There are 2 protein chains.
Amino acid sequence: MGETTKMTPAARRILDTASELFYSKGIHAVGVETIASEAGVTKKTLYDRFGSKDQLIVAYLEERDQKWREHLFSSMDEVPDDQPLDKILRIFDALENWMSTRNKRGCAFVNALAELSEETHPGRKVIIEEKKWLKELFVSLLEQLQLENPDPIAEQLFILHEGLMVTYSLDIYERGTAGAKETVQKLIETADHKKEEA
Amino acid sequence: MGETTKMTPAARRILDTASELFYSKGIHAVGVETIASEAGVTKKTLYDRFGSKDQLIVAYLEERDQKWREHLFSSMDEVPDDQPLDKILRIFDALENWMSTRNKRGCAFVNALAELSEETHPGRKVIIEEKKWLKELFVSLLEQLQLENPDPIAEQLFILHEGLMVTYSLDIYERGTAGAKETVQKLIETADHKKEEA
DNA sequence: ATAAGAATATACCGATCGGTTTACTTTCAG
DNA sequence: CTGAAAGTAAACCGATCGGTATATTCTTAT
């Protein structure tokens, strides 16, 4: 839907404010009243622009998804297309970079999923789709590496990625992304590759 | 504190009800009114037994922690003490078993952490401690395997564990624990071992 | 027997929740 | 110039939030 939808200035402020509050405090913990006043806007404007809190939540998740993908691609685009392994490693660099500029509140999508328990909530679809997308990204990169069976390895990379993200929200000591990248390399090296060429 | 504390029957019902609702709906999404009536109890009784919603939350997390550790140990105790690798793999079996008997709502601790954003909330300590404990469990088992440097590997196992747990709450296809167990073995096999004996 | 602890029933508290309504003003493109 | 869209201001809605109060009954160990 609203990919490049231009927002009114008030709408922009509302979404920015909501995004920050939803992420840092949690979705249920923040009321529309707070969001409106923090954005310097009346509740009427908020409802005129977004219709409901649920739709505002969806807009928050969609925009975050979009920004994360842009961040990911801008990191991956720095390596040539014929270096899929480096691209994979770049995903983990992008994650570290993404997390280090933010509060220790873990993954916004995982956190949101924890609060949106109703199966029918439209926000859930956004979250599930973004996770599926990432997993498929791993699959396509592993295919370029001539892996015999990329799916199970992609799944391990995905699990590693999710675990890393969650771990950021704990204050446990961590070697950071470096360790995970080593694991990634081990997993790919030890996997079966297609036999090809002369 | 209240390790084996015997509860009054009403308190027992309250905590059971709260535990189920907190996990399945989220903490902020469930009110004390709902918990009390669902447990067949008046609000007065709830407050006489637990003092506040926050303390009830803490009791929920503590008991869940305790039950999870019991579950883990009962699974690990089935293998002899001189087989640390099998014990590690048993942790992942225990996780799969634990998750399969429950709703697809992921890790109760991670979910709770997402909702308890206040640094000072007493529930946060319970969560962080339980995660630290698990990581240390990996460390001690890897030490028994004569690993030169168990910490970074323990961290990878921990990340894998967390990622696996989160992934359960998504409806992404997954090979389940089998793939993760293979990763665990690869990680341990390729790590440096202490040279010893004749 | 009795007194304390555990429970019920019910009414109440101020605050906040998500959301609506009415009336008025500001901005800006056709 | 004008009319629609975007905005402010403020009152209002019923419902629910976490938490307290009072008064009464049931249970049980000493």
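Every value quoted in this text rests on a predicted model; they were computed, and no experiment measured them. These numbers come from the heavy atoms of this one structure, side chains and all, not from hydrogens, waters or symmetry mates. Each chain gets a letter, A, B and so on, in the order its sequence line appears, and its residues count up from 1.
Non-hydrogen atoms lying under 4.0 Å from DNA chain C are contributed by B:Gly40, all within residues 19-40 of chain B. Listed in residue order, the members of residues 48-60 of chain B having a heavy atom less than 4.0 Å from DNA chain D are B:Ser52, B:Lys53.
Closest to the side chain of B:Thr42, from the set C:dA6, C:dT10, D:dT8, is C:dT10.
Remark: P of D:dG18 and NZ of B:Lys44 are 19 Å apart, rounded to the nearest angstrom. Rounded to whole angstrom, the span from the CG atom of A:Leu46 across to the P atom of D:dA9 amounts to 15 Å. The CZ atom of B:Arg12 sits 17 Å away from the C1' atom of C:dA6 (whole-angstrom rounding). The separation between B:Met7 atom CE and C:dA7 atom P is 12 Å, rounded to whole Å. Regarding A:His121, its NE2 atom lies at a distance of 13 Å from the C1' atom of C:dG18, rounded to whole Å.
Heavy-atom distances to DNA chain C give each of A:Tyr47 and B:Ala11 a nearest nucleotide, and the one nearer the 5′ end belongs to B:Ala11.
For the 3.5 Å distance criterion, the side chains of B:Thr190 and A:Lys186 qualify, holding a donor opposite an acceptor. For the 3.5 Å distance criterion, the side chains of A:Glu70 and A:Gln66 qualify, holding a donor opposite an acceptor.
Comment: A:Lys67 engages A:Glu63 in a salt bridge, judged by a side-chain N to carboxylate O separation of less than 4.0 angstrom.
Contact annotation: A:Thr8 side-chain N/O to D:dA5 OP1/OP2 distance is not under 4.0 Å.
Counting heavy atoms from C-beta on, the side chains of A:Tyr47 and A:Val32 come closer than 4.5 Å. Residues A:Leu56 and A:Ile35 form a side-chain contact, since some pair of their non-hydrogen atoms from C-beta on lies under 4.5 Å apart.
Listed by first and then second residue, the ring pair (Phe, Tyr, Trp, His ring centres under 6.0 Å) pairs that reach into residues 96-129 of chain B are B:Trp68-B:Trp98, B:His71-B:Trp98, sequence neighbours excluded. Sorted pairs that involve residues 97-112 of chain A and meet salt bridge (charged side-chain N to carboxylate O under 4.0 Å, His left out), not counting sequence neighbours, are lacking altogether.
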Output a table of donor-acceptor pairs, distance under 3.5 Å, between side-chain atoms of residues 87-96 of chain B and any protein atom two or more places apart or on a different chain; print 'none' if there are none.
residue: B:Lys87; atom: NZ; partner: B:Met76; partner atom: O; Å: 3.0
residue: B:Lys87; atom: NZ; partner: B:Val79; partner atom: O; Å: 3.1
residue: B:Lys87; atom: NZ; partner: B:Asp81; partner atom: OD1; Å: 3.2
residue: B:Arg90; atom: NH1; partner: B:Glu78; partner atom: OE1; Å: 2.7
residue: B:Arg90; atom: NH2; partner: B:Glu78; partner atom: OE1; Å: 3.4
residue: B:Asp93; atom: OD1; partner: B:Lys181; partner atom: NZ; Å: 2.8
residue: B:Asp93; atom: OD2; partner: B:Lys181; partner atom: NZ; Å: 3.2
residue: B:Glu96; atom: OE1; partner: B:Thr177; partner atom: OG1; Å: 3.4
residue: B:Glu96; atom: OE2; partner: B:Thr177; partner atom: OG1; Å: 3.2

When the side chains of residues 152-166 of chain B are checked against the rest of the protein, which donor-acceptor pairs come out under 3.5 Å, sequence neighbours left out?
residue: B:Glu155; atom: OE1; partner: A:Arg175; partner atom: N; Å: 3.2
residue: B:Glu155; atom: OE2; partner: A:Arg175; partner atom: N; Å: 2.6
residue: B:Gln156; atom: OE1; partner: A:Thr183; partner atom: OG1; Å: 2.7
residue: B:Glu162; atom: OE1; partner: B:Lys131; partner atom: NZ; Å: 2.8
residue: B:Glu162; atom: OE2; partner: B:Lys131; partner atom: NZ; Å: 3.3

